[in-house]
Amino acid sequence: MGVSNTDSDKTQEEEQQDLPKVVLFRPPAAFSLIDEESFTSNKFHFLKTYDSQLPVDQFLSTHSHSIKAILSSAGAPVNADILQLLPEVGLVVTTSAGLNHIDIPECRRRGIKIANAGHVYSDDVADLAVGLLIDVLRKVSASDRYVRQGLWADKGNYPLGSKLRGKRTGIVGLGNIGYEVAKRLEAFGCFVSYNSRKKKPYVSYPFYHNVCELAANCDVLIICCGLSDETRHMINKQVLSALGKEGVIVNIGRGNIIDEKEMVSCLMRGEIAGAGLDVFENEPDVPKEFFAMDNVVLSPHRAVFTPESLKDLSQLVVGNLEAFLSNKPLLSEYVDKK
Ligand SMILES: O=CC(=O)O
């Protein structure tokens, strides 16, 4: 007769079998940027659909009763079809600040909580937003190329850029990130106004209910809001025309908030002056037209990531999952906006 293992005799694999499972459908970008180990815990075990030979639905049915939570990221949608296969799931954690890849109404209908990256990225994104703006205005990347190509000596000085101080800047979306951008721009001597779903009682910046009116009264628009049905292509031809030919647009939100085709046309026709873009409609594909434009600064959707923000993120993700599994309050629960 065999002797059953005591707890202390269990292999690591057997111990992991007993832990609550957190499922992943795609490796979050963060996993390849810092050590994946920093997202692990002895309170849960990751199940990765992408490590299995089984079709996803079969994999989920096999494990459906042990999967208590989902770890998602901007490229890994959590939709009704997936949730339906996971009756025990009570939490979706995403490594992103944005939630546009999660079917929030379906989570609510199923009583599933959601936690996102909270404030961990706000400083870094805000820094990059201002960095992109300064780069466009002062032509930092373009003049760097000029010097490297040896054109300074051949052709003389690069054309002047434009001053940041005194610019009328419009923040679209005054959440955590938008507020951090506003504080930085104030310190640079810019005038700040904003558009949001609602006027914020805690700031005295002028509020524009209508984004087109905001654009008409600003030299710069900085897109800091999330992507939703209401904000998709909110920055359209009309808004870009209102911003005008001296106007600069910066986008650190989501590509689809701007009608990208219209933005390309406006830039080509000189109907706006420049753009600083961290996000695009069909990432990683970027409209080729931008490559020849020295008044456009491009960044590969990296505004949120620094080694420091990733370390904070890993602690937050693990903290949220552990809190949920021990019935404690989440560290960065997403609460629906009224
Ligand atoms: O874009 C990145 C994020 O939403 O975290």
Side-chain angles (χ1 to χ4, degrees), residues 24-34 36 38-39 70-79 91-104 107 114-133 171-181 196 222-232 234-235 249-258 260 275-286 297-321 330-337:
L24 285 91
F25 299 94
R26 267 179 79 162
F31 277 19
S32 60
L33 297 170
I34 54 166
E36 184 182 323
S38 47
F39 288 87
I70 298 175
L71 176 57
S72 161
S73 54
V78 178
N79 55 33
L91 173 68
V92 176
V93 179
T94 178
T95 57
S96 57
L99 294 163
N100 53 294
H101 55 295
I102 299 175
D103 186 337
I104 299 174
C107 286
I114 301 171
N116 69 352
H119 297 205
V120 297
Y121 299 136
S122 303
D123 281 330
D124 292 316
V125 183
D127 291 347
L128 194 86
V130 176
L132 288 170
L133 176 59
I171 313 284
V172 180
L174 200 73
N176 294 327
I177 293 171
Y179 186 54
E180 289 302 326
V181 174
S196 241
I222 307 202
I223 313 305
C224 301
C225 58
L227 176 65
S228 65
D229 290 345
E230 291 78 51
T231 62
R232 189 178 303 276
M234 172 174 66
I235 308 299
I249 191 152
V250 171
N251 192 4
I252 44 84
R254 283 286 181 269
N256 309 46
I257 298 168
I258 303 181
E260 200 170 69
L277 307 169
D278 182 55
V279 286
F280 304 88
E281 283 210 54
N282 296 305
E283 295 171 9
D285 290 335
V286 172
V297 178
L298 305 171
S299 157
H301 201 153
R302 277 291 179 265
V304 296
F305 294 135
T306 58
E308 293 86 350
S309 72
L310 287 164
K311 188 161 168 274
D312 292 346
L313 174 73
S314 64
Q315 285 168 2
L316 187 71
V317 164
V318 172
N320 271 313
L321 288 166
L330 298 178
L331 307 185
S332 59
E333 179 164 4
Y334 171 73
V335 182
D336 295 323
K337 306 214 165 61

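Note that ligands are numbered from 1 as they come in the structure, with each ligand's atoms numbered from 1 the same way.
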Notebook entry, point to check: Parallel, tilted or perpendicular: which fits the ring planes of Phe39 and Phe31, with parallel below 30° and perpendicular above 60°?
Noted result: tilted
Check: From Thr306 OG1 over to Lys311 NZ, what is the distance, rounded to the nearest 0.5 angstrom?
Finding: 11.0 Å
Next item on the list: Return a yes/no value for Ala97: is any of its N or O atoms, backbone included, closer than 3.5 angstrom to an N or O of ligand 1?
Entry: yes
Notebook entry, point to check: Which ligand 1 atoms are under 4.0 Å away from a heavy-atom of His301?
Noted result: 1 (O), 2 (C)
Notebook entry, point to check: For Gly255 and Glu281, which heavy atoms make the closest approach, and how far apart are they?
Noted result: O-CG, 3.7 Å
Next item on the list: Please answer whether the main-chain N or O of Tyr121 pairs with a side-chain N or O of Ser309 as donor and acceptor at a distance below 3.5 Å.
Entry: no
Notebook entry, point to check: For Ser96, is at least one N or O under 3.5 Å away from an N or O on ligand 1?
Noted result: no
Checklist line | Proximal ligand 1 atoms for Arg254, defined as those under 4.0 Å from one of its heavy atoms | finding: 1 (O), 2 (C), 3 (C), 4 (O)
Check: Near Val304, which atoms of ligand 1 are under 4.0 Å from a heavy atom of that residue?
Finding: 2 (C), 5 (O)
Next item on the list: For residues Asp123 and Glu308, determine if any side-chain heavy atom of one lies less than 4.5 Å from a side-chain heavy atom of the other.
Entry: no
Notebook entry, point to check: Just distances here: any N/O of Tyr121 and N/O of ligand 1 closer than 3.5 Å?
Noted result: no
Check: What is the distance from atom CD of Glu260 to atom CG of Asp285, rounded to the nearest 0.5 Å?
Finding: 10.0 Å
Check: Gly98 heavy atoms, cut-off 4.0 Å: which ligand 1 atoms fall inside?
Finding: 3 (C), 4 (O)
